[in-house]
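What follows is a set of notes on a single structure, which appears directly below.
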Amino acid sequence: HTYHGLELLDWVGGLQDLIFHNMLEISPHDAQQLGVGPGDTLVVSYAAGERTWPVRIIPGQPDGVLTVQLDHNDPVGAGPHIVKARKNHV
């Protein structure tokens, strides 16, 4: 998240406790199905390529939906995207 080109996570104390930048949010059910837990990483494949993100398990996250907060200029681009996910190093 930026404001006038400034990275807000660097300037607003405590914001990092509310916004988990570049972490993949996943439901507990999906995490269990994929065999991942806190500290694990998922490889996510999409039409333009593949990326690896650390997992953050979120109660209340809809099953079948992965969420990640990206920089506005991230090459993944605005979503939603149809993706496939797998545990890293499997």
Side-chain angles (χ1 to χ4, degrees):
H1 291 77
T2 59
Y3 177 74
H4 292 283
L6 299 173
E7 182 61 48
L8 291 179
L9 291 174
D10 295 338
W11 290 91
V12 179
L15 190 59
Q16 66 275 6
D17 296 331
L18 301 173
I19 298 174
F20 293 87
H21 193 68
N22 285 323
M23 292 193 75
L24 189 70
E25 297 178 348
I26 186 171
S27 74
H29 176 264
D30 289 342
Q32 183 180 25
Q33 293 293 314
L34 291 167
V36 296
D40 289 335
T41 56
L42 278 179
V43 177
V44 178
S45 302
Y46 54 100
E50 191 172 86
R51 292 272 296 266
T52 301
W53 281 291
V55 170
R56 181 168 180 251
I57 300 170
I58 303 290
Q61 174 80 3
D63 294 340
V65 175
L66 303 174
T67 305
V68 64
Q69 298 290 325
L70 301 171
D71 291 328
H72 69 279
N73 60 353
D74 192 283
V76 170
H81 298 281
I82 297 173
V83 301
K84 291 184 181 181
R86 63 178 165 79
K87 187 175 181 178
N88 198 15
H89 302 298
V90 175

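D30 pairs by the side chain to side chain donor-acceptor pair (under 3.5 Å) definition with S27, not counting sequence neighbours. Among residues two or more places apart in sequence or in another chain, the side chain to side chain donor-acceptor pair (under 3.5 Å) test is passed with T67 by Q61.
In this structure, CG on L24 lies 10.0 Å from CD1 on I58, to the nearest 0.5 angstrom. A distance of 9.5 Å separates CD1 in I57 from CE in M23, rounded to the nearest 0.5 Å.
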For residues 37-45, which side-chain donor-acceptor pairs fall under 3.5 Å, sequence neighbours excluded?
unit_1, atom_1, unit_2, atom_2, d
D40, OD2, G37, N, 2.7
T41, OG1, N88, ND2, 3.0
S45, OG, E50, OE2, 3.0

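Between V55 and L34, the closest side-chain pair of non-hydrogen atoms is not below 4.5 Å.
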